[in-house]
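As structure tokens, the structure follows; a few thoughts come after it.
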Amino acid sequence: MAAIRQPDGTPLMDSQGRVTSHLNGLFYRTISILEEGVIPIYVFDGKPPEQKSEELERRKKVKEEAERRLDQLKKEGTGEIKELKKYSQMSIKLTNEMAEESKKLLDLMGIPIIQAPSEGEAEAAYINSLGLSWATGSQDYDSLLFGATRLVRNLTITGKRKLPRKDVYVEIKPELIELAELLRKLGITREQLIDIAILIGTDYDPEGIKGIGIKTAYRIIKKYGKIETAVEKGEVSKQKITFNIEEIRNLFLNPLVKRPENNLELKDCDEEGIEELLVKEHDFNEERVKNAIERLKKAKREAKGAERQKGLDQWF
DNA sequence: CGTCGCCA
DNA sequence: TGGCGACGG
């Protein structure tokens, strides 16, 4: 959504002015991932827990402000392209309709999707902890707090990426973090990792404890074992804690998740359905879509073949 | 972001 | 074949 747009920030749109950047990105990116031999399972966010509302409200305000700035720049008509792009990207909205259409496209492509009852991150970690996936793919470290065995960051973004508000580009490489190894290296438990996160600040306590950063948080939890003890011993002042520690800890340890009801295998794709949606409905180029569908079918055959081979190898 | 066409 | 810039909807 952020990247697939014109230099001035205008997203791709069909002839009726409906945004199509999400469909474009999902379609071509998913095929690329499959060609690399990775079978994705897409997890969609459900209703966030009430404790997240403060953070969501904050994000909403930032977005509304960006929207105002963008409108202003457009009205003046003198805005720099860079500025226009910045505020367009900051005002991105994923509507319900767009999310539903994304699910529809993935389903037509035969890619497994899961609707999380609450946090998608928690659901993905749960699926991973059940052994139904090899890792979670996310930019968010929260996965690990939710108990994912492995987290792959930068799975889908390759090459160079621009640093926000700077004209500096950095090389982005995929990064694998294994929870067990991380905890062993730090000499802590997952509960303690969660406590460290709470001290620094999470979506559920965005401010954290003022004055405590990563290093202090680690030192405190290493020394006292848990936040409550650190408070008792006077290391963390009680007044600074404006949230319910046990409640937030519980959101990470026992999040609302569900066992996936359908299997998470690749299915055959509905070629006509894809063309109907992308070409007829949203003005995608027919040849490009046809060509991509061929790549999709080939990549899936190979992915499934590899799975079968793995199964056989295990057997013998 | 990913594809495509152009060019060396 | 690989780098680069324009374009996709």
Side-chain angles (χ1 to χ4, degrees), chain A residues 1-44 66 70 74 80-82 84-106 108-111 113 120 137-140 152-175 269 271-300 302-303:
Chain A
M1 288 288 298
I4 303 173
R5 31 189 74 233
Q6 293 170 331
D8 69 352
T10 314
L12 301 186
M13 287 180 290
D14 64 19
S15 57
Q16 303 199 45
R18 294 173 296 194
V19 172
T20 54
S21 293
H22 57 302
L23 297 175
N24 190 304
L26 260 187
F27 186 54
Y28 293 113
R29 179 189 279 189
T30 300
I31 295 171
S32 291
I33 292 173
L34 278 164
E35 284 177 333
E36 296 294 333
V38 175
I39 302 176
I41 301 164
Y42 283 86
V43 180
F44 286 80
L70 180 63
K74 281 185 179 164
E80 253 191 278
I81 284 191
K82 256 172 55 187
L84 285 167
K85 183 164 195 174
K86 180 166 87 183
Y87 292 112
S88 303
Q89 287 183 334
M90 284 174 76
S91 6
I92 289 170
K93 283 215 181 71
L94 181 74
T95 65
N96 228 25
E97 204 182 344
M98 289 159 83
E100 288 309 313
E101 217 167 26
S102 300
K103 290 180 204 167
K104 185 178 170 187
L105 173 62
L106 290 168
L108 291 169
M109 293 171 76
I111 307 296
I113 54 174
S138 173
Q139 286 309 90
D140 255 330
V152 180
R153 301 183 72 239
N154 304 327
L155 175 64
T156 54
I157 321 141
T158 47
K160 291 188 187 322
R161 189 199 265 183
K162 201 171 133 336
L163 289 178
R165 290 172 295 279
K166 290 191 193 127
D167 256 332
V168 181
Y169 287 79
V170 286
E171 178 82 19
I172 304 289
K173 293 198 193 103
E175 174 188 13
C269 57
E271 296 183 43
E272 280 162 33
I274 294 174
E275 285 183 40
E276 180 72 32
L277 178 67
L278 295 184
V279 180
K280 296 225 176 72
E281 189 114 350
H282 290 298
D283 309 321
F284 277 57
N285 179 288
E286 180 170 5
E287 212 173 273
R288 286 185 179 207
V289 170
K290 280 209 157 92
N291 174 29
I293 290 175
E294 286 312 309
R295 282 174 51 204
L296 171 64
K297 289 198 291 188
K298 179 160 180 257
K300 287 208 305 204
E302 279 163 15

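Sequence lines set the chain letters: A, B, ... in the order given, protein chains first and strands last, and positions in each chain run from 1. For the numbers below, each heavy atom of this structure counts, side chains included, while hydrogens, waters and symmetry mates do not.
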Could you give the CZ-to-P distance, from Phe27(A) to dG8(C), as a whole number of Å? 17 Å
To the nearest Å, give me how far apart NE2 (His22(A)) and P (dG2(B)) are. 17 Å
For dT3(B), does OP1 or OP2 lie under 4.0 Å from any side-chain N or O of Ser32(A)? yes
Rounded to whole Å, please give me the gap between CG in Asp283(A) and C1' in dC7(C). 16 Å
Before accepting this row, confirm whether a basic side-chain N of the pair Glu287(A)/Lys290(A) lies closer than 4.0 Å to the acidic partner's carboxylate O. no
What does Arg18(A) touch in the nucleic acid at a heavy-atom separation under 4.0 angstrom: a base, only the sugar-phosphate, or nothing? nothing
Please state whether the phosphate of dG2(B), meaning OP1 or OP2, lies under 4.0 angstrom from any side-chain nitrogen or oxygen of Arg29(A). yes
Between dC1(B), dT3(B), dG8(C), which one does the side chain of Leu12(A) approach most closely? dG8(C)
Between dG9(C) (C1') and Leu26(A) (CG): distance, integer Å: 15 Å
Would you say dG9(C) has OP1 or OP2 under 4.0 Å from some side-chain N or O of Arg5(A)? no
Closest to the Asn291(A) side chain, choosing from dC4(B), dG2(B), dG9(C): dC4(B)
Looking at Asn24(A), I'd like to know whether one of its side-chain N or O atoms comes within less than 4.0 Å of OP1 or OP2 on dC7(C). no
d(CD, Glu286(A); P, dG9(C)) in whole Å: 12 Å
Less than 4.5 Å apart, side chain to side chain, heavy atoms only: is that true for Thr10(A) and Ser88(A)? no
Rounded to the Å, how far apart are Gln6(A) CD and dC7(C) P? 10 Å
Within this structure, what is the OH-to-C1' distance between Tyr28(A) and dC7(C), rounded to whole angstrom? 12 Å
Do side-chain atoms of Ser21(A) reach the backbone of Leu12(A) as a donor and acceptor pair under 3.5 angstrom? yes
Are any of the side-chain heavy atoms of Arg5(A) and Gln89(A) separated by less than 4.5 Å? yes
Are side-chain heavy atoms of Asn154(A) and Gln139(A) found at a separation under 4.5 Å? yes
Output the rounded distance in Å from CD1 (Ile31(A)) to C1' (dT3(B)). 11 Å
